[in-house]
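Atom set for the values below is all heavy atoms of this structure, side chains included, hydrogens, waters and symmetry mates excluded.
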Amino acid sequence: MKKTEGAFLTIGELAGELGLAQHILRYWETRFPQLRPLQRSGNRRYYRPTDVDLARRIHHLLNVEGFTVKGAQKALEDGNGAAPPVSPPQAEDDLLTRLETIRATLARAIAL
């Protein structure tokens, strides 16, 4: 079941969306003071929509653009850590479309 836009995400849900291990998000919390999810009893983390957007930006800076942690920190402080150009669900749709194109091309090549 998919949550509605704007719903709080648990650390497992956010980690799954970004394709990361949960400990990476906990590490980011120590390096990016802006990333502060709500913590309930038992230290359960709940990421607000603003936290989710920030985690997506951090992920984009580190894993797509190739920034170091220090570089990403500076980019966010300077306001240069713009949001990723494509939201994750759209990126997934684009990837599936590309995969279908590759599959069709390979099927044609095999048929030759």
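The two atoms that bring Leu35 and Leu54 nearest to each other are N-CD2, 3.5 Å, heavy atoms only. Here the shortest heavy-atom pairing between Leu18 and His59 reads O-NE2, 3.3 Å. Closest approach of Leu61 and Ala75 over heavy atoms only: CD1-CB, 4.3 Å. Summarising the geometry of Ala15 relative to Gln22, their closest heavy-atom pair is CB-CG, 3.9 Å, with the distance given to 0.1 Å.
Of the possible donor and acceptor atoms, none in the side chain of Gln73 sits under 3.5 Å from a partner among the backbone N and O of Phe32.
Arg26 is linked by a side chain to side chain donor-acceptor pair (under 3.5 Å) to nothing, counting only residues two or more places apart in sequence or in another chain. Take Ala111 and apply the side-chain contact (heavy atoms from CB on, under 4.5 Å) test, not counting sequence neighbours, and it matches no residue. Applying the side chain to side chain donor-acceptor pair (under 3.5 Å) criterion to Glu29, with sequence neighbours excluded, gives Arg45, Tyr47. Applying the side chain to side chain donor-acceptor pair (under 3.5 Å) criterion to Arg103, with sequence neighbours excluded, gives Glu100. For Arg36, the side chain to side chain donor-acceptor pair (under 3.5 Å) test picks out no residue, with sequence neighbours left out.
Cluster partners of Val64 are absent, since no Ile, Leu, Val, Met, Phe, Trp or Tyr has side-chain heavy atoms less than 4.5 Å from it.
Between the side chains of Arg44 and Tyr46, at least one donor N or O lies within less than 3.5 Å of an accepting N or O.
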